[in-house]
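One-based numbering along the sequence shown.
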Amino acid sequence: MTTHAPQAGQSVTLPTTLNEAVAALTAMPAAVPVAGGTDLMAAVNSGQLRPAALVGLGRISEIRGWQYQDGNALLGAGLTHARMGRPDFAALIPALAAAARSAGPPHIRNAGTLGGNIATAAPTGDALPVLAALEATLIIAGPGGSRREIPVSHLLAGVEMLRAGELIAFVRVPLLHAPQVFLKATGRTGPGRSVASVALVLDPARRGVRCAVGAIAPMPLRPLEAEQWVARLIDWDNDRALVPEALHAFGEYVAAACIPDPAPEPDGSVPPLPPAVLHLRRTVAALARRALGRALS
């Protein structure tokens with residue numbers, strides 16, 4: 001994954017359990033945990049990061065699978081994008097599988113992990129808007145065998161952060177058993193890299209719609225008012241029917257919420273959006289409209 005030789009004296013620890021990994025990080029505060037290394041090695045190769053020590057997570061089998069737990073899926077942080085893209089996982093969480101399949105070329109999908117995507121929290125991380133829309137929860141492993149839970153949105157927003165010696169161990173995702181969609185638009189900045197993405201899930205039990213927009217801000221954005229507005233218009237008792245005009249309006253509502261108009265000038269006039277920003281807003285509107293249309297079809 002890298003053409004750079006390791007630094008002289010650099011420590012590499014390869015634990016086989018979560019508790020061993022946490023103990024290693026606690027003993028070496030300067031150590032950096034690494035799973036697939038797709039983002040870490042890019043930072044090392046570009047000279048942005050020179051870790052004094054590494055704690056490899058690839059041998060920890062307990063975080064490489066998933067299990068069912070009280071109506072939720074408990075996903076190991078070591079799950080690779082390639083594994084999440086397979087049909088059996090797609091039947092479980094379709095939107096997350098779609099995001100995993102779009103996460104770059106095969107060598108990236110084979111190495112990159114769910115936990116790494118979350119910990120790096122790059123705005124273009126395809127799994128992030130899906131986890132935000134699903135309102136997923138992180139299970140954090142800490143010193144002394146401790147475990148605590150935080151909403152994934154809290155970590156991404158910086159409301160709660162990982163503490164010294166902590167690792168993302170699992171991701172708890174509610175199983176809604178309802179349509180889910182992930183769509184993205186890509187540019188020329190890299191293979192498969194999003195310029196905008198939309199994750200949309202239906203929650204028939206609560207008669208709700210959840211939507212998250214990724215890549216356009218440092219963290220996924222939830223247009224809550226747009227979600228509530230369109231959920232009231234869906235005929236949940238009649239094949240989830242929605243008039244086409246409402247579908248179009250939903251896309252515009254989401255886009256305007258995530259990319260608002262500029263603040264008015266002192267004279268009351270509103271300056272126009274720059275062409276590039278206006279194009280991005282139209283892209284978000286189209287993605288949100290298509291995502292809801294596919295979920296309801």
Separation between CD1 of Ile259 and CG of Leu273, rounded to the nearest 0.5 Å: 8.0 Å

Hydrophobic clusters here meaning ILVMFWY residues chained together by side-chain heavy-atom distances under 4.5 Å, can you tell me if Val181 and Val201 are in one? no

I need the Arg101 CZ to Leu96 CG distance, nearest 0.5 Å. 10.0 Å

Separation of Ile139 CD1 from Leu167 CG (nearest 0.5 Å): 13.5 Å

Does a side-chain heavy-atom distance below 4.5 Å link Ser197 with Phe182? yes

Atom CG of residue position Asn238 - does it have more than 12 heavy atoms of other residues, nucleotides or ligands inside 6.0 Å? yes

Is there a donor-acceptor pair under 3.5 Å between the side chain of Arg109 and the backbone N or O of Gly104? yes

Under the 3.5 angstrom rule, does the side chain of Asp203 hit a backbone N or O of Val209 as a donor-acceptor pair? no

Side chains of Pro33 and Leu25, heavy atoms from C-beta outward: is any pair under 4.5 Å? yes

Any non-hydrogen side-chain atom of Leu128 less than 4.5 Å from a side-chain atom of Leu156? yes

Is the shortest side-chain heavy-atom distance between Val198 and Cys211 below 4.5 Å? yes

Just verifying a value: how many Å separate Glu166 CD and Arg163 CZ, rounded to the nearest 0.5 Å? 5.5 Å

Arg222 vs Glu135, side-chain contact (heavy atoms from CB on, under 4.5 Å): CA-CA, chis, key distance, verdict: CA-CA 11 Å; Arg222 286 281 302 276; Glu135 298 181 346; 3.3 Å; yes

Using every non-hydrogen atom in the two residues, find where Pro260 and Arg281 come nearest and quote the distance to one decimal. C-NH2, 3.4 Å

Around Arg294, counting heavy atoms of other residues, nucleotides and ligands shown, do more than 12 lie under 6.0 Å from its CZ? no

Criterion side-chain contact (heavy atoms from CB on, under 4.5 Å) on Leu18 and Glu62, from CA distance to verdict: CA-CA 8 Å; Leu18 272 172; Glu62 61 191 297; 3.8 Å; yes

Residues Ala99 and Asp126: closest non-hydrogen pair is CB-O, 3.5 Å

Pair Asp235-Arg207, salt bridge (charged side-chain N to carboxylate O under 4.0 Å, His left out): steps then yes or no: CA-CA 9 Å; Asp235 188 348; Arg207 300 196 171 200; over 6 Å; no

A side-chain contact here means heavy atoms from C-beta on lying under 4.5 Å apart; do Leu233 and Leu242 qualify? yes

Going by atom type alone, with no hydrogens or angles, which donor-acceptor pairs under 3.5 Å involve a side-chain atom of residues 71-93 and a protein atom two or more places apart or on another chain?
from: Asn72; atom 1: ND2; to: Gln69; atom 2: O; distance (Å): 3.3
from: Asn72; atom 1: ND2; to: Asp70; atom 2: O; distance (Å): 3.0
from: Thr80; atom 1: OG1; to: Arg83; atom 2: N; distance (Å): 3.1
from: Arg83; atom 1: NH1; to: Asp88; atom 2: OD1; distance (Å): 3.1
from: Arg83; atom 1: NH2; to: Asp88; atom 2: OD2; distance (Å): 2.7

Quick check: closest heavy atoms across Leu134 and Pro174, and the distance to 0.1 Å? O-CD, 3.4 Å

Side chains of Lys184 and Ser102, heavy atoms from C-beta outward: is any pair under 4.5 Å? yes

Treat each ILVMFWY residue as a node, draw an edge where side-chain heavy atoms are under 4.5 Å apart, and state whether Val277 and Leu287 are in one component. yes

Group every Ile, Leu, Val, Met, Phe, Trp and Tyr by side-chain heavy-atom contacts under 4.5 Å, then state whether Val22 and Ile63 land in the same group. yes

Assess the side chains of Asn19 and Thr17: does a donor N or O sit below 3.5 Å from an acceptor N or O? no

Note, Leu202 side chain near Leu296 side chain (heavy atom, < 4.5 Å): yes

Test side-chain contact (heavy atoms from CB on, under 4.5 Å) on Arg148 and Glu160 and set out the steps. CA-CA 11 Å; Arg148 68 185 180 100; Glu160 296 185 66; 3.6 Å; yes

Does Arg282 come within less than 4.0 Å of Glu252, counting only side-chain N to carboxylate O? no

Can you hop from Val213 to Leu224 via hydrophobic side chains spaced under 4.5 Å? no

Verdict with reasoning, Glu20 to Arg59, per salt bridge (charged side-chain N to carboxylate O under 4.0 Å, His left out): CA-CA 11 Å; Glu20 288 178 2; Arg59 296 184 179 181; over 6 Å; no

Side chain proximity check, Ile118 to Val171, heavy atoms < 4.5 angstrom: yes

Identified side chain to side chain contact (heavy atoms under 4.5 Å, CB included) counterpart of Ile216 within the set Thr124, Val195, Leu280, Thr283: Leu280

Where the side chain of Asn110 meets the backbone of Pro106, is there a donor-acceptor pair that is under 3.5 Å apart? yes

Tell me whether Ile60 shares a hydrophobic cluster with Met28, the cluster being built from Ile, Leu, Val, Met, Phe, Trp, Tyr side chains joined at under 4.5 Å. yes

Heavy-atom closest pair (Val152 atom, Ala132 atom, distance to 0.1 Å) is CG1-N, 4.4 Å

Residues Arg240 and Pro204: closest non-hydrogen pair is NH2-CG, 3.6 Å

Report the distance from atom OG of Ser297 to atom CZ of Arg290, rounding to the nearest 0.5 Å. 14.0 Å

Pro51 and Val32 have their tightest heavy-atom pair at CB-CG2, 3.8 Å

If we ignore hydrogens and angles and just use 3.5 Å, is the side chain of Ser146 paired with the main-chain N or O of Pro143 as donor and acceptor? yes

Distance in Å, Ile168 CD1 paired with Leu114 CG, rounded so as to fall on 0.5 Å steps: 8.5 Å

Glu227/Arg210 salt bridge by N-O under 4.0 Å criterion: no

